[in-house]
Novice: 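So that we are looking at the same thing, I have put the structure below in structure tokens.
The figures that follow rest on heavy atoms only: side chains count, while hydrogens, waters and symmetry mates do not.
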Amino acid sequence: MAAHFLFLALLALASSHAIASDPSQLQDFCVADRKSDVFVNGFVCKDPKMAKPEDFFFSGLDKPGDTGNKLGSNVTQVNVNQIPGLNTLGISLARLDFAPYGLNPPHIHPRGTEILVVLEGTLYVGFVTSNPNKLFTKVLNKGDVFVFPQGLIHFQFNYGKTNAVAIAGLSSQNPGVITIANAVFGAKPPISDYVLAKAFQLDKKTVDWLQAQFWMDNNN
């Protein structure tokens, strides 16, 4: 009987591990067919015979993004929406541009870990762990690298007097981004101001004022 229970326990562990990991590639590539009306977890593959070099190509990452906004930052994403050939490959890229004192505000990537390298300037970066909420921060200079674990709140801030540029790699073809302030105060339809007032220990007028602000598009 004991051996039977041990076998079941080992089987359960093996099964949970298999469910928790990404599936293995079953083909060389799966170029996304973004015109398909079929919904799957990712994108439908187009006929590999119809694949072309442009499906695996993106140009323009050398060009600075427009930082003329309230936050003074810009993220140029290079994921499956820009490169169809990234579909199922579990990787993507982004360029981050910062004006002096520009901020990429606290946000999460629900589907990917991020590794960031600074190309120019100086960035103050950090992430917050779950239970307890411990803050890990570091000042990064040119050539420095920092990792933001998947799903954890993180940020990057340029406190220098010159522009800063960084490149980020992410462990998902489409890691997603949820900017905390946007999601909480800019949700459509809005979250109840009573709920937010109680959650943040603010008065209702302050919550109403925050909800009335312009919140930046998460896709920028």
Novice: Is F136 reachable from V118 through a run of I, L, V, M, F, W or Y residues, each pair having side-chain heavy atoms under 4.5 Å apart?
Specialist: yes

Novice: Tabulate below the donor-acceptor pairs under 3.5 Å that side-chain atoms of residues 193-203 make, not counting sequence neighbours, or state none.
Specialist:
| unit_1 | atom_1 | unit_2 | atom_2 | d |
| --- | --- | --- | --- | --- |
| D193 | OD2 | K204 | NZ | 3.1 |
| Q201 | NE2 | K198 | O | 2.7 |
| D203 | OD1 | K205 | N | 3.1 |
| D203 | OD1 | T206 | N | 2.9 |
| D203 | OD1 | T206 | OG1 | 3.1 |
| D203 | OD2 | T206 | OG1 | 2.9 |

Novice: Specify the closest pair of heavy atoms between T76 and N74, including all atoms of both residues, with the distance to one decimal.
Specialist: OG1-OD1, 3.6 Å

Novice: Could you give all pairs that pass the ring pair (Phe, Tyr, Trp, His ring centres under 6.0 Å) test and reach residues 76-123, with sequence neighbours left out?
Specialist: H107-H109, H107-H154, H109-H154

Novice: Run the side chain to side chain donor-acceptor pair (under 3.5 Å) test against T67 and tell me which residues pass, sequence neighbours left out.
Specialist: none

Novice: N104 versus L71: any side-chain heavy-atom pair under 4.5 Å?
Specialist: no

Novice: State plainly whether one hydrophobic cluster holds both Y124 and V128, where clusters connect Ile, Leu, Val, Met, Phe, Trp and Tyr through side-chain heavy atoms under 4.5 angstrom apart.
Specialist: yes

Novice: Going by the rule side chain to side chain donor-acceptor pair (under 3.5 Å), which residues pair with N81 if we only count those two or more places apart in sequence or in a different chain?
Specialist: N79

Novice: Identify, with sequence neighbours excluded, every residue that meets side-chain contact (heavy atoms from CB on, under 4.5 Å) alongside K188.
Specialist: none

Novice: Looking at CD1 of I153 and CD1 of I108, how far apart are the two atoms once the value is rounded to the nearest 0.5 Å?
Specialist: 7.0 Å

Novice: Any sub-3.5 Å donor-acceptor pair from S92's side-chain atoms to S172's backbone N or O?
Specialist: yes

Novice: Would L96 end up clustered with L123 when hydrophobic side chains under 4.5 Å apart are linked, directly or stepwise?
Specialist: yes

Novice: Taking only residues at least two apart or on different chains, which pairs with a member in residues 49-73 satisfy ring pair (Phe, Tyr, Trp, His ring centres under 6.0 Å)?
Specialist: F29-F56

Novice: For F43 and A32, work out which heavy atoms get closest and say how close.
Specialist: CB-CB, 3.5 Å

Novice: If you look only at distance, which donor and acceptor atoms sit under 3.5 Å apart when one is on a side chain in residues 158-168 and the other is two or more places apart or in another chain?
Specialist:
| unit_1 | atom_1 | unit_2 | atom_2 | d |
| --- | --- | --- | --- | --- |
| N158 | OD1 | G160 | N | 2.9 |
| N158 | ND2 | A99 | O | 2.9 |
| N158 | ND2 | T162 | O | 2.9 |

Novice: Does D208 use its side chain to pair, donor to acceptor, with the backbone of A212 at less than 3.5 Å?
Specialist: no

Novice: Tell me, which pairs form a ring pair (Phe, Tyr, Trp, His ring centres under 6.0 Å) where one or both residues lie in residues 59-96, sequence neighbours left out?
Specialist: none

Novice: Report the relative orientation of the aromatic rings in F127 and F148; use parallel for angles under 30°, tilted for 30 to 60°, perpendicular for over 60°.
Specialist: perpendicular

Novice: Can you tell me which residue pairs pass the salt bridge (charged side-chain N to carboxylate O under 4.0 Å, His left out) test with a partner in residues 122-143, sequence neighbours excluded?
Specialist: E120-K142

Novice: Would you say P84 and R34 make side-chain contact, with heavy atoms under 4.5 Å?
Specialist: yes

Novice: Below 4.5 Å, heavy atoms only, C-beta onward: do V177 and V75 meet side chain to side chain?
Specialist: no

Novice: Considering non-hydrogen atoms only, spot the tightest contact between T129 and P132 and give its length.
Specialist: OG1-O, 2.7 Å

Novice: Check whether any side-chain heavy atom of Q27 sits under 4.5 Å from a side-chain heavy atom of C45, and report yes or no.
Specialist: yes

Novice: Taking all non-hydrogen atoms of both residues, which atom of G65 and which atom of D97 are closest, and how far apart?
Specialist: N-OD2, 2.9 Å

Novice: Minimum heavy-atom separation for L152 to S130, with atom names?
Specialist: CD2-N, 4.4 Å

Novice: Looking at side-chain heavy atoms only, is the closest gap between L93 and L61 below 4.5 Å?
Specialist: yes

Novice: Would you call L89 and Q173 a side-chain contact if the rule is heavy atoms closer than 4.5 Å?
Specialist: no

Novice: Table please: side-chain donor-acceptor pairs of residues 46-54 below 3.5 Å, with sequence neighbours left out.
Specialist:
| unit_1 | atom_1 | unit_2 | atom_2 | d |
| --- | --- | --- | --- | --- |
| K46 | NZ | D55 | OD1 | 3.4 |
| K46 | NZ | D55 | OD2 | 2.9 |
| D47 | OD1 | K49 | N | 2.9 |

Novice: Taking ring-ring contact (aromatic ring centres under 6.0 Å, His included) as the test, write out the residues that go with F157, two or more places apart.
Specialist: none

Novice: Let me check something: do F185 and I191 share a hydrophobic cluster, defined by ILVMFWY side-chain heavy atoms less than 4.5 Å apart, either directly or through other members?
Specialist: yes

Novice: How far apart are the closest heavy atoms of N87 and C30, and which atoms are they?
Specialist: CB-O, 2.9 Å

Novice: Looking at residues at least two apart in the chain, or sitting in another chain, which of them share a salt bridge (charged side-chain N to carboxylate O under 4.0 Å, His left out) with R111?
Specialist: none

Novice: Does atom CG of D62 have more than 12 heavy-atom neighbours, drawn from other residues, nucleotides or ligands, at distances under 6.0 Å?
Specialist: yes

Novice: How far does CG of N174 sit from CD of Q82, to the nearest 0.5 angstrom?
Specialist: 9.0 Å

Novice: Do you reckon L116 sits in the same ILVMFWY cluster as V145, going by side-chain contacts under 4.5 Å, direct or chained?
Specialist: no

